[in-house]
Asks: 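Okay, here's the structure, questions in a sec.
Just so it is clear: chains get the letters A, B, ... in the order the sequence lines come, proteins before strands, and each one is counted from 1.
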Protein chains: 2
Amino acid sequence: MGNSFRIGEVAERSGVSIDTLRYYERRNLLPAAPRTPGGYRIFNSETIDRVLFIKQAQDLGFSLDEIGSLLSTNGSSECRRVRDLLDAKLTELDTRLKSMHEFHDKLTRYLAECEEELKRHPDSAECPVVVEIAHAERT
Amino acid sequence: MGNSFRIGEVAERSGVSIDTLRYYERRNLLPAAPRTPGGYRIFNSETIDRVLFIKQAQDLGFSLDEIGSLLSTNGSSECRRVRDLLDAKLTELDTRLKSMHEFHDKLTRYLAECEEELKRHPDSAECPVVVEIAHAERT
DNA sequence: TTACACCCTAGACCTAACTCCAGGGTCAAG
DNA sequence: CTTGACCCTGGAGTTAGGTCTAGGGTGTAA
């Protein structure tokens with residue numbers, strides 16, 4: 001009861017659709033759920049956490065295949081392989097974070113110019129940002 | 001000459017395929033290039049910068065539609081609209097950066113546990129990380 | 001004036017990650 | 001023991017962002 005859910009509840013609580021849950025099971029991102037005699041899947045709350053983890057990783061640019069390799073609990077999973085995977089992911093993440101910061105700074109500069117122009121010529125239709133992005137100066 | 005390129009050169013210099021360049025033109029992410037009498041497109045170096053900008057933004061999770069609205073130089077582009085768009089993008093970017101950092105920390109913790117375990121039991125097949133991710137603790 | 005790399009268009013095809021559908025079964029409440 | 005909400009499977013369809021193909025023209029160096 002307290003820790004037993006049908007697919008619709010899991011979907012609602014984890015913010016994905018029922019179809020997506022079944023799709024994840026097919027892709028082995030979720031273990032095959034046990035069934036009721038009638039064939040209904042029975043999930044527990046760990047499934048919900050797991051789905052949230054998948055969504056978070058995905059949101060940060062990891063593909064389902066990559067997430068799958070991080071999650072693969074299959075018998076032969078040994079520590080060293082997981083360590084190496086994590087190491088690689090962290091390096092990737094660092095790179096992404098760095099260019100994210102750069103892009104953030106670039107947009108901030110654009111925004112400042114925009115405000116500047118609006119202050120100086122409130123009715124201007126010629127946005128310096130448009131011109132600049134169109135000509136895409138190198139950062 | 002110095003600032004005039006055929007599509008193949010632009011592709012090579014900006015790291016995308018020829019098809020992608022034509023596709024971007026169709027999607028109006030690039031202005032319709034002028035043509036030679038025979039119909040060949042003629043690009044200048046600003047196109048290359050622009051493609052690099054698109055790729056950068058895309059890499060950070062912006063869709064081509066979003067990038068398009070940022071780049072739209074169409075007649076009626078007025079400063080205020082661009083300012084608002086930029087503002088929204090920056091907020092988004094901040095959110096993404098924040099959860100990226102959190103995810104980074106989470107992976108770092110996993111990695112530390114992994115190393116720990118390897119140091120303690122060099123031949124261990126039971127990775128604590130696998131267990132933990134499988135059970136997806138909430139961060 | 002031909003050889004050969006390069007370019008053109010329209011439109012079909014591809015991959016990832018879903019999303020929908022038909023046709024049918026399950027189950028708790030009344 | 002029926003009703004209505006919910007679940008099942010297999011397979012087709014969708015969207016974003018390209019990528020490929022057929023059939024044909026261009027440009028320039030030898």
Side-chain angles (χ1 to χ4, degrees), chain A residues 1-2 4-44 47-48 50-72 89 92, chain B residues 1 4-44 47-48 50-72 89 92 96:
Chain A
M1 13 201 67
S4 163
F5 309 92
R6 286 194 303 182
I7 198 166
E9 288 180 87
V10 175
E12 198 175 336
R13 288 170 189 242
S14 59
V16 305
S17 74
I18 288 176
D19 280 323
T20 298
L21 289 172
R22 290 198 274 246
Y23 174 67
Y24 283 178
E25 189 184 82
R26 269 205 303 294
R27 299 233 358 197
N28 294 313
L29 293 171
L30 298 177
R35 305 295 183 105
T36 66
Y40 282 24
R41 289 177 184 78
I42 308 164
F43 297 95
N44 55 33
T47 304
I48 298 171
R50 192 161 168 152
V51 172
L52 294 175
F53 178 90
I54 293 171
K55 282 288 142 195
Q56 187 179 10
Q58 199 182 27
D59 210 53
L60 298 177
F62 294 102
S63 70
L64 292 187
D65 274 356
E66 291 175 317
I67 296 169
S69 63
L70 221 50
L71 286 173
S72 65
K89 296 291 175 219
E92 261 179 62
Chain B
M1 16 201 68
S4 163
F5 308 92
R6 287 194 303 183
I7 199 168
E9 287 179 271
V10 175
E12 196 174 340
R13 289 171 189 241
S14 58
V16 305
S17 75
I18 288 176
D19 281 322
T20 298
L21 289 172
R22 291 197 275 244
Y23 175 67
Y24 284 177
E25 188 184 85
R26 269 205 305 291
R27 299 233 0 196
N28 294 315
L29 294 171
L30 299 177
R35 307 292 184 110
T36 65
Y40 283 23
R41 288 176 183 79
I42 308 165
F43 297 94
N44 55 33
T47 304
I48 298 170
R50 191 159 169 153
V51 173
L52 293 176
F53 179 89
I54 293 170
K55 281 288 141 193
Q56 188 179 7
Q58 199 182 27
D59 211 51
L60 298 177
F62 294 104
S63 70
L64 292 186
D65 274 356
E66 291 176 316
I67 296 168
S69 65
L70 220 52
L71 286 173
S72 67
K89 296 291 173 214
E92 261 179 60
R96 287 181 64 78

Asks: Separation of B/R35 atom CZ from D/dG27 atom P, in whole Å?
Replies: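 Going from CZ in B/R35 over to P in D/dG27 covers 12 Å.
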Asks: Testing the basics here: between A/S14 and A/I48, what is the closest heavy-atom pair and its distance to 0.1 Å?
Replies: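 Of all heavy-atom pairs spanning A/S14 and A/I48, the closest is CB-CG2, 4.1 Å.
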Asks: Looking only at the side chain of B/D19 (C-beta and beyond, no hydrogens), which of the listed nucleotides C/dT19, D/dC8, D/dC20 gets closest?
Replies: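 The nucleotide sitting nearest to the side chain is D/dC20.
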Asks: What is the distance, to the nearest angstrom, from the CD1 atom on A/I7 to the P atom on C/dC27?
Replies: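 One finds 15 Å between P of C/dC27 and CD1 of A/I7, rounded.
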Asks: How many Å lie between NZ on B/K55 and C1' on D/dG17, as a whole number?
Replies: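 Roughly 8 Å, once rounded to whole Å.
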Asks: Pick the nucleotide of DNA chain C nearest each of B/R26 and B/I18; which residue has the one closer to the 5' end?
Replies: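 The residue closer to the strand's 5' end, by nearest nucleotide, is B/I18.
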Asks: Taking for each residue the nucleotide of DNA chain C with the nearest heavy atom, is it B/E9 or A/Y24 whose nucleotide lies nearer the 5' end?
Replies: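 Nearest-nucleotide comparison on DNA chain C picks B/E9.
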Asks: What's the CD-P distance between B/Q58 and D/dG17, to the nearest Å?
Replies: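 In whole Å, D/dG17 P and B/Q58 CD are 7 Å from each other.
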Asks: How about A/E92 and A/F62: do any of their side-chain heavy atoms sit closer than 4.5 Å?
Replies: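 In contact.
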Asks: Looking across every strand, which nucleic acid part, if any, lies under 4.0 Å from B/R6 by heavy atom: base, sugar-phosphate, or nothing?
Replies: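 Sugar-phosphate, no base atom in range.
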Asks: So does B/Y40 reach the base of D/dG25 with its side chain, donor to acceptor, closer than 3.5 Å?
Replies: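 Side chain to base: pair present.
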Asks: For A/R22, answer base if it contacts any base atom (sugar-phosphate contacts may also be present), sugar-phosphate if it contacts only those atoms, and nothing otherwise; contact means non-hydrogen atoms under 4.0 Å.
Replies: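 It contacts base atoms.
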Asks: Whole Å only: how far is the CD1 atom of B/I54 from the P atom of D/dG17?
Replies: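 My rounded result for the distance is 12 Å.
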Asks: To the nearest angstrom, how far is A/E25 atom CD from D/dG10 atom P?
Replies: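 After rounding, the gap between these two atoms is 11 Å.
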Asks: So, do B/R13 and B/F5 sit near enough that their side-chain heavy atoms are less than 4.5 Å apart?
Replies: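 SC-SC contact between B/R13 and B/F5 confirmed.
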Asks: Which sits closer to the 5' end of DNA chain D, B/L64 or B/P37, going by the nucleotide each is nearest to?
Replies: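 The residue mapped nearer the 5' terminus is B/L64.
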Asks: I want to check something: taking the side chain as every heavy atom from C-beta on, are B/R96 and A/D59 in contact at a cut-off of under 4.5 Å?
Replies: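 Yes, their side chains come closer than 4.5 Å.
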Asks: Does some side-chain heavy atom of B/Y23 sit less than 4.5 Å from a side-chain heavy atom of B/L64?
Replies: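 A side-chain contact under 4.5 Å exists here.
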Asks: Round to the nearest Å and state the distance from A/Y23 atom OH to D/dG13 atom P.
Replies: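 A/Y23 atom OH is separated from D/dG13 atom P by 18 Å.
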Asks: Starting at atom CG of A/L21, determine the distance to atom P of C/dA17, rounded to an integer number of angstrom.
Replies: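 Answer to the nearest Å: 16 Å.
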